[in-house]
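Heads up, the thing below is written out as structure tokens.
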Amino acid sequence: MMILSIFTSFDVFFQSRVSHELTFYLAVVVLVVLTAESCVKLLNRDSVGITIGVYVTVFAWYFVDPVLNPEQYDPLPSSSLGQSYWQVILFLIGFRVFMPIAIRWILHRRSPGVFDTHLPPEQILRGVAAIWLFLFIIGIARMGGDVMGAVFPLDGRAGPTMWGRGAVESSASGFLVAFGGYLFNAVAAFLGVLVFFQRSTAWKLLAGAMFAITLPYFFFAGARSHFLAAVLPFILTYLFYGRHLLILKLAILAIAFLCLNEGFKFVVAFRGTGFRELLASQNPYELIDQDAVQGGLNMTQELCFVNAYLESGDTSPAYGARYLNELLNFIPRMIWPSKPLIGIDYAKWRGFESEGEDGDTGVNTTISSGMIGGGVLNFGKIFGPIAAGILMALWTGLLIRWWEQRQSVLRLVLFMLGAGLTFNLGRDITLLVLWPVVFAYFFVRLTENWTSRRFGRLPQMTTAVPVNVGTMQVVAGRPSQ
């Protein structure tokens, strides 16, 4: 059914306006060339090949939706589509040109301390499990002791969840709830990665059980990005460290992708009203449109709207102010009462302004402008895509640094979590995406500092380990491959 739908979409696509845009094909060529370069580097065990994650992200957010939903792009002016794909090309070129500079700058910086902690993976798991249990108890308490309601929030966004809160919170409790939610997301990702490094079956089962118990919360809560942040590190770790043959891994990953695709269709359809009717149905597919395709990947469309927003004169390039507002968004509103509301002006311009009692933000939904669109809003139509490419190059350089420190299981977990979050950055380059890895980094640094104080200054580990996706030696634990 899905394959037939894809072929039908291709047939419709070649009759659509996007298919007649030369810049679309030029952007495809640039993306294919750069992706091939990354694949060659991966085959040569060059850590720069990690950049393939950015190219996959660009492909998913800027090239998939025009094929799946080509009719949505027909009302857009041809000039707007052409301009948007020129900006995609500028992003790719900016990313590729700045990438070597970012790598040299980040890798040559002195590490604050990457230590052989001598902590066995079981001890790391105990620390993570303690945080998980603590957060779970708080979440259940916030649900009034309803354990099943905490694990399976079947009412979706229409009901309470463990870490749900209002869009605008001015109290200290709102800040703490947001803090707990992001930390819970990071802990879930940690558990998924640590499963592969436990040296006994009992510890593997314990890590796997905690991970499995946690996932339904993210799924039924309705935020696809949070679910992906929890599950993608697990999938990536399996790809690198799973015991199975590569062909079997790829087959399992393909099945996992199909399950995610189908599952997210139900999430989008029912997260606003709840999943009880769905679970009570004998044939759930009767409740959704059989022709429904995955939505939300329309960042090319949003890029066209962002350009139109600038051209309308209702706004002007913020020269980095929007990025700065997102960077400082962690400051509680009780300390900074006039803290800007992120993206609200764009959502209102797009026509999503609410009336009356629909919320504190003044809109009934927020709209992501995409990683390239965010750059355009900050630095304009030409320098904006390049600025976004530079930010992604810096982020990728940091991932490469953590990858080359992978002799520490803690640093390897950081890499896996960061690599999993890279896909979500395609929707917006913002700390709202990266908070789980920020909290994970603090946990890693605290653990490293604790072991250095307890056991003395431990030898710093090298940061020049060549990429090896085959057998990898991990000091703190045995990989599964």
Side-chain angles (χ1 to χ4, degrees), residues 34 37-38 40-42 44-58 91-116 186 189 193 233 236 240 320 323-324 326-327 371 374-375 378-379 385-426 428-431 433-449 459-469 472 474-475:
L34 293 177
E37 179 191 34
S38 290
V40 171
K41 290 184 182 297
L42 279 179
N44 292 329
R45 298 179 179 180
D46 186 340
S47 58
V48 180
I50 290 171
T51 54
I52 193 172
V54 175
Y55 301 137
V56 170
T57 298
V58 173
F91 170 86
L92 292 170
I93 293 174
F95 173 79
R96 178 61 184 85
V97 169
F98 193 78
M99 190 70 241
I101 301 173
I103 292 174
R104 285 195 298 270
W105 181 64
I106 292 175
L107 294 189
H108 290 170
R109 292 177 64 85
R110 185 179 181 276
S111 173
V114 182
F115 307 105
D116 176 4
V193 177
L236 290 173
F240 279 84
Y323 283 144
L324 182 61
E326 294 186 353
L327 183 64
M371 62 182 178
N378 273 280
F379 293 102
I386 297 173
I390 291 173
L391 288 177
M392 289 302 293
L394 291 170
W395 169 246
T396 307
L398 183 59
L399 289 181
I400 291 173
R401 180 183 177 91
W402 289 339
W403 172 250
E404 293 189 341
Q405 296 167 345
R406 67 187 179 276
Q407 286 177 292
S408 163
V409 166
L410 290 169
R411 295 281 167 155
L412 179 62
V413 175
L414 273 182
F415 167 78
M416 292 299 178
L417 177 53
L421 290 175
T422 299
F423 180 81
N424 288 342
L425 286 176
D428 259 327
I429 302 176
T430 171
L431 269 180
V433 171
L434 296 178
W435 277 124
V437 80
V438 171
F439 289 128
Y441 179 78
F442 283 136
F443 172 77
V444 169
R445 293 294 294 121
L446 287 172
T447 303
E448 291 172 347
N449 289 336
Q460 191 173 22
M461 301 176 68
T462 179
T463 60
V465 181
V467 170
N468 182 353
V469 294
M472 299 182 184
V474 179
V475 173

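Pairing each heavy atom of G374 with each of Y323, the nearest pair is C-OH, 3.7 Å. Closest heavy-atom contact between A419 and L399: N-CD2, 3.7 Å. The two atoms that bring V433 and D428 nearest to each other are CG2-O, 3.8 Å, heavy atoms only. Counting all heavy atoms, side chain and backbone alike, L417 lies closest to A189 at CD1-CB, 3.4 Å. Considering all non-hydrogen atoms of both residues, I429 and E326 come closest at O-OE1, 3.2 Å. Annotation for A186 and P436: closest pair CB-O, 3.2 Å, computed over non-hydrogen atoms.
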**Item:** Step-by-step side-chain contact (heavy atoms from CB on, under 4.5 Å) determination, M392 to T422
**Value:** CA-CA 9 Å; M392 289 302 293; T422 299; 4.2 Å; yes

**Request:** Might you work through the side-chain contact (heavy atoms from CB on, under 4.5 Å) test for V56 and I52, ending with a clear yes or no?
**Result:** CA-CA 6 Å; V56 170; I52 193 172; 4.3 Å; yes

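The side chain to side chain contact (heavy atoms under 4.5 Å, CB included) test applied to I390 returns F98, I386, L394, not counting sequence neighbours. Residues that satisfy the side chain to side chain contact (heavy atoms under 4.5 Å, CB included) test with Y55, not counting sequence neighbours, are L31, L34, T35, S38, T51, L92, F95, R96. For F415, the ring-ring contact (aromatic ring centres under 6.0 Å, His included) test picks out W403, with sequence neighbours left out. Judged as a ring-ring contact (aromatic ring centres under 6.0 Å, His included), and not counting sequence neighbours, the contacts of F423 are W61. Applying the side chain to side chain donor-acceptor pair (under 3.5 Å) rule to T57 yields no partners; only residues at least two apart in sequence or on another chain are considered. Applying the side chain to side chain donor-acceptor pair (under 3.5 Å) rule to W435 yields no partners; only residues at least two apart in sequence or on another chain are considered.
Within the 4.5 Å cutoff, no side-chain heavy atoms of I50 are placed close to those of K41. A 4.5 Å side-chain heavy-atom check between V437 and W402 finds at least one atom pair inside the cut-off. Using a 4.5 Å cut-off on side-chain heavy atoms (C-beta onward), L410 and L414 make no contact. With a 4.5 Å cut-off on side-chain heavy atoms, L434 and W395 count as touching. Looking only at side-chain heavy atoms (C-beta outward), I400 and L107 come within less than 4.5 Å of each other. Between L398 and Y441, the closest side-chain pair of non-hydrogen atoms is not below 4.5 Å.
To the nearest 0.5 Å, atoms CZ (R406) and CD (E404) are separated by 7.5 Å. Here the straight-line distance linking atom CG of L391 with atom CZ of F91 works out to 9.0 Å at 0.5 Å rounding. Atom CD of Q405 is separated from atom CG of L412 by 11.0 Å, given to the nearest 0.5 angstrom. Considering CZ of R411 and CZ of R401, their distance stands at 7.5 Å, rounded to 0.5 Å.
Of the possible donor and acceptor atoms, one in the side chain of D46 sits under 3.5 Å from a partner among the backbone N and O of V48.
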